[in-house]
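For reference, the structure is listed below as structure tokens.
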Amino acid sequence: MERKMQYLLLIYENEAEAAKRGETGMKEMMTEYRTFTQSIIQAGQFKAGDALQPTSTATTVRVRSGKTLTTDGPFAETREQLGGYYLIEAKNLDEAIAIAARVPSAKLGSIEVRPVMVFG
Amino acid sequence: VTTGSGSTDDNNVERVFRQEAGRVLATLIRLVGDFELAEEALQEAFAAAIEQWPAAGLPANARAWLVNVGRHKAIDRLRRQILFREKQRDLAVEAAIARQPAAPDEEADTFGDDMLRLIFSCCHPALNVEARVALTLRAICGLTTEAVARAFLVAEETMAQRLVRAKRKIRDAGIPYETPAPDMLDERVEGVLAVIYLVFTEGYAVTSGAELMREELAREAIRLARLLDALLPGRADIEGLLALMLLHDARRKARTTLAGDIVLLEEQDRSLWDREQIAEGSGLVERALRAPGRPSSYSVQAAIAALHAQASHHKATDWRQIVGLYEVLLRLYPSPVVELNHAVAVSMVDGPGRALDLIDALAARGTLDGYHLLPAVRADLLRRLDRRAEAKDAYRTALALARLEPERRLLVRRLAELERARVNVSHGVGRKGVSSSRWVGPTGWS
């Protein structure tokens, strides 16, 4: 059964380490990302993708007993933080894994591959 | 497969099921594209066979019969679902199954390809290790859920849940039903071999409980490795693992007494060893080691096992070469357990004193804390050095950690021997060298 699946690639990296990379390091990374994104657009696998501002800019919202609780954070307690994502289309998990392995941050952090739920 | 004539009893049908379940399931999954649907279809095909074969006799090609009936059962099942729920997606799936060519004939090796795909799905790294082992035994070896549960000492319900979750993940995560792309193949084969070896070691020396060996699991592991070797011929890593398991398994009959007590390598009746299996294993090791590139860990371990198996008696063992092979293993695949085994081999070449130094250095690093064979080996070396009080302490430490009943009994026996030895010594009779145990091989007791 040939059906295309969608996967969300969640890019995790250690923010503190990433910040230490310096300007040349950042530039190199950006170039690598541009090349990678171009290649998956051309292969028809790209649906969406963005980089995120660091967790220091984040806000967490909860609603408990009808009351909205807004806090800062999450704090960088875990070793790696969510830094960006790609939404891709792939034939199966192996194809998604192969794409994830080419995400530039895979060499430094980790990429979580999550299938998108299909309803109906 | 049997021909149409002749009587068919339940045992016969049972045997065909056991033989064909894996292959039929593998092909059905390809045809219907869904693990659970294929499994249900397989069960229905078997039910139909139980009904029809006793009267009609076994079909000339039982495998093809089962695939064809299973395929129709799957279509029926989808049609019923469509009637109830009118699902657009099911309609499309049904049409797709109906378009597939009829079941492949037995001569075509599509059955082999399907089996290989199924093996890679079941051993996919996206599944947790327990799930990989359970799925492999259930789907490829055709063991019942109950048998798999029994083998791993969990409740049948727990195992059934584990299998359901694994199959859901295959479907929902889109784990492919395909032979991996060439650039992934090595890594994936390695993963499959790890599953097979886990099944084997669980069969060779279960981690806890009463029995030392579970013949069935060890046999299934060997069967799986043979199958994989036939499907991907000429791969040294597969040959190495098959050799390792054949060589270990060849000693099966000599490894325990009828009462289930451990017989150590040096005390084993070597006439009970399976010579044919040793010859096959030795041939495979030689081939695997001749292959270009760095040898797999399995191949080097198999070479060590081959040296043990080829020695006509314990004293004739080529310990020098075994030490050398452990050093190769340590260089290529460093591990504290290998260091432990290396030290045992060193004790046979340079004496227990030198080995004790190695063991104490290893113990000081703490990586093997809680592993019963570390104090057990230490105890043994101390005993051979005649340091009885320390030996007894070490045996007690080992006893507190060992969980397998036969291993515990051996340790108790050793302790008792030390008590008796004291009496003997007072009469001036040394017990040196009476039965110095050797812990050899990855599972410890060889």
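In what follows, chains are A, B, ... by sequence order, proteins preceding strands, each numbered from 1. Please read all numbers here as calculations on a predicted model, not as lab measurements.
A salt bridge links A/Asp94 and B/Arg188; the closest N-O separation between the charged side-chain nitrogens and carboxylate oxygens is under 4.0 Å. We find that B/Arg63 and B/Glu20 are joined by a salt bridge, their nearest charged nitrogen and carboxylate oxygen being less than 4.0 Å apart. A/Lys20 has a carboxylate O that lies under 4.0 Å from a charged side-chain N of A/Glu17, or vice versa, which qualifies the two as a salt bridge. Taking a cutoff of 4.0 Å between a charged side-chain nitrogen and a carboxylate oxygen, B/Arg226 and B/Asp229 do not qualify as a salt bridge.
Counting heavy atoms of neighbouring residues, nucleotides and ligands inside a 6.0 Å radius, atom CD of B/Glu130 exceeds 12 of them.
Contact annotation for A/Ala96: neither backbone nor side-chain heavy atoms come within less than 4.5 Å of a heavy atom of chain B.
For residues 119-126 of chain B, heavy-atom neighbours of chain A at less than 4.5 Å comprise B/His124, B/Ala126, sorted by residue number.
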Inset, instruction - Could you go through the side-chain hydrogen bond (donor to acceptor under 3.5 Å, both in side chains) check for A/Tyr33 and A/Ser105 one step at a time? - result: CA-CA 9 Å; A/Tyr33 263 103; A/Ser105 296; 2.5 Å; yes

